[in-house]
Participant: 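There's a structure below that I have some questions on.
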Number of protein chains: 2
Amino acid sequence: MSQSNPQLNLDNQICFRLYSASRQVTRLYQPLLKEVGLTYPQYIVLLILWEQDGQLVKEIGERAELNSNTLTPLLKRLAERGLVTRSKNPDDERQTFIHLTQAGKTLEQSCACIPAQMMAKAGLSMEQIQLLKQSLDVLMAQGQR
Amino acid sequence: MSQSNPQLNLDNQICFRLYSASRQVTRLYQPLLKEVGLTYPQYIVLLILWEQDGQLVKEIGERAELNSNTLTPLLKRLAERGLVTRSKNPDDERQTFIHLTQAGKTLEQSCACIPAQMMAKAGLSMEQIQLLKQSLDVLMAQGQR
DNA sequence: CATGATTTAATCGTGTGCGATTTAATTTAG
DNA sequence: CTAAATTAAATCGCACACGATTAAATCATG
């Protein structure tokens with residue numbers, strides 16, 4: 001427990017907790033997502049499309065805070081699985097529209113129970129959830145490129 | 001903003017905030033870590049070694065919540081850069097000891113200023129930090145395999 | 001003391017993340 | 001109207017994460 005530089009102590013590093021907690025949450029989701037055959041980032045992208053179908057790669061990227069170098073391969077995998085379609089915008093061929101297929105839309109029903117199950121797994125009270133949200137929002141507000 | 005299933009709304013998903021915030025923090029670290037030529041996970045591993053030099057891969061893994069399939073390549077990169085050494089434990093040749101080199105020890109001084117700079121960047125009050133820590137600790141307490 | 005179980009790292013394969021660059025299409029300026 | 005600048009997506013390269021397996025060493029049990 002003794003250490004030369006207390007500033008560097010891992011237990012004091014909020015960053016490490018955040019990094020661990022984020023991966024922990026992904027792990028908690030895994031058994032639920034495995035049933036529908038999705039990875040966690042794929043699930044995030046589908047959440048975005050279930051909110052609003054027919055978005056551009058760029059729009060999905062802004063929502064998920066991911067760039068095309070991550071999204072393009074991910075979306076191609078979703079397309080291969082028949083959950084979305086990728087089509088050029090005829091009015092601006094630089095853009096690619098992502099649309100849900102019927103299978104992609106249907107999958108939303110299968111995922112409807114996930115949030116409630118996750119809330120139970122996370123073991124946080126509503127109050128704690130609210131506090132956590134607030135803190136994370138402050139963090140996210142920094143460095144809005 | 002309207003949506004069929006409010007349960008799935010991304011804004012309500014604490015998971016998404018956590019996932020975004022974690023990557024946001026990594027991005028905030030990057031300019032600082034770039035100066036010392038480290039990635040964020042490499043920095044985490046060095047923090048662990050600066051706390052206690054000469055640990056087994058397994059021990060580092062327990063601290064960082066990472067397995068050998070992630071750690072082995074990462075540690076090999078740190079070894080190639082001359083920051084650590086990897087050596088078999090002669091008393092139990094299944095185990096590999098990781099020791100800091102002089103360069104690895106010296107690097108701690110160069111990193112001493114990072115936490116304070118990060119605190120400033122994060123823009124959280126001490127109170128918010130404490131609340132965030134508590135919430136994350138509750139999350140981490142779930143599913144201790 | 002021999003053999004099966006366990007432990008520890010390493011390895012393999014897949015899927016992110018992300019900096020950097022490329023390509024193609026569109027917009028802007030001169 | 002055309003060349004330069006900008007934009008959107010794709011591509012490339014590298015470094016994680018992690019499930020699954022493998023290989024080697026040690027332990028446990030009969």
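What you are looking at is a predicted structure, and each value in this text was computed from that prediction instead of being measured.
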Participant: Could you pick out which residue, A:Arg94 or A:Pro41, lies toward the 5' side of DNA chain C when each is mapped onto its nearest nucleotide?
Facilitator: A:Pro41

Participant: Does A:Gln95 put a side-chain nitrogen or oxygen below 4.0 Å from OP1 or OP2 of C:dA24?
Facilitator: no

Participant: Would you mind reading off the distance between A:Phe97 atom CZ and D:dA10 atom P, rounded to a whole angstrom?
Facilitator: 13 Å

Participant: Would you say a side-chain N or O of A:Gln30 is under 4.0 Å from OP1 or OP2 of D:dC18?
Facilitator: no

Participant: From B:Leu28 CG over to B:Gln117 CD, what is the distance, rounded to the nearest 0.5 angstrom?
Facilitator: 12.0 Å

Participant: Among D:dA17, C:dA9, C:dC18, find the nucleotide with the atom closest to the side chain of B:Lys58.
Facilitator: C:dA9

Participant: Atom CG of B:Leu74 and atom P of C:dA9: how far apart are they, to the nearest Å?
Facilitator: 15 Å

Participant: Is there a donor-acceptor pair under 3.5 Å between the side chain of B:Ser22 and the backbone N or O of B:Leu18?
Facilitator: no

Participant: Which is true for A:Arg77 with a 4.0 Å heavy-atom rule: it touches a base, it touches only sugar-phosphate, or it touches nothing?
Facilitator: base

Participant: Looking across every strand, which nucleic acid part, if any, lies under 4.0 Å from A:Leu56 by heavy atom: base, sugar-phosphate, or nothing?
Facilitator: sugar-phosphate

Participant: Between B:Asn69 (CG) and D:dT22 (P), how many Å, whole number?
Facilitator: 15 Å

Participant: Once you apply a heavy-atom cut-off of 4.0 Å, does A:Lys76 come out as touching a base, just sugar-phosphate, or nothing?
Facilitator: sugar-phosphate

Participant: Taking A:Arg81 for its side chain and A:Gly37 for its backbone only, find out whether a donor-acceptor pair lies under 3.5 Å.
Facilitator: yes

Participant: Can you tell me how far apart OG1 (B:Thr39) and CG (B:Leu78) are? Round to the nearest 0.5 Å.
Facilitator: 7.5 Å

Participant: Give one of base, sugar-phosphate or nothing for B:Tyr19, where a contact means two heavy atoms less than 4.0 Å apart.
Facilitator: sugar-phosphate

Participant: Any idea which of C:dC18, C:dT26, C:dT11 is nearest the A:Thr70 side chain?
Facilitator: C:dC18

Participant: Can you work out whether A:Glu93 or A:Pro73 has the more 5'-proximal nearest nucleotide on DNA chain C?
Facilitator: A:Pro73

Participant: Would you state whether a donor and an acceptor, one from the side chain of B:Thr39 and one from the base of D:dA15, lie under 3.5 Å apart?
Facilitator: no

Participant: Heavy atoms only, 4.0 Å cut-off, all strands: where does B:Leu71 land among base, sugar-phosphate and nothing?
Facilitator: nothing

Participant: Could you check how far CG of A:Asn67 sits from C1' of C:dT22, rounded to whole Å?
Facilitator: 15 Å

Participant: Looking at the side chain of A:Arg86, which of C:dT26, D:dC16, D:dA10 is the nearest nucleotide?
Facilitator: D:dA10

Participant: Determine yes or no for a side-chain-to-main-chain donor-acceptor pair under 3.5 angstrom, with A:Thr101 supplying the side chain and A:Gly82 the backbone.
Facilitator: yes

Participant: Among C:dT6, C:dG19, C:dA25, which is the nearest nucleotide to the side chain of A:Asp92?
Facilitator: C:dA25

Participant: At 4.0 Å (heavy atoms only), tell me whether B:Thr96 reaches a base, stays on the sugar-phosphate, or touches nothing.
Facilitator: sugar-phosphate

Participant: Roughly how many Å is it from CG in B:Leu75 to P in C:dT11, rounded to a whole number?
Facilitator: 12 Å

Participant: Look at the side chain of B:Ser68 and decide which nucleotide, out of C:dT6, C:dG17, C:dT11, has an atom nearest to it.
Facilitator: C:dT11

Participant: Hey, does the side chain of B:Gln55 reach the backbone of B:Ile48 with a donor-acceptor pair shorter than 3.5 angstrom?
Facilitator: yes

Participant: Can you tell me how far P of D:dC16 sits from CD1 of B:Ile60, to the nearest Å?
Facilitator: 14 Å

Participant: Can you tell me how far P of C:dT8 sits from CG of B:Leu66, to the nearest Å?
Facilitator: 17 Å

Participant: Check the distance between C:dT8's C1' and B:Ile98's CD1 and give it to me in whole angstrom.
Facilitator: 12 Å

Participant: Just to be sure I understand the rule, does A:Asn89 reach a base, reach only the sugar-phosphate, or reach nothing, if contact means heavy atoms closer than 4.0 Å?
Facilitator: nothing

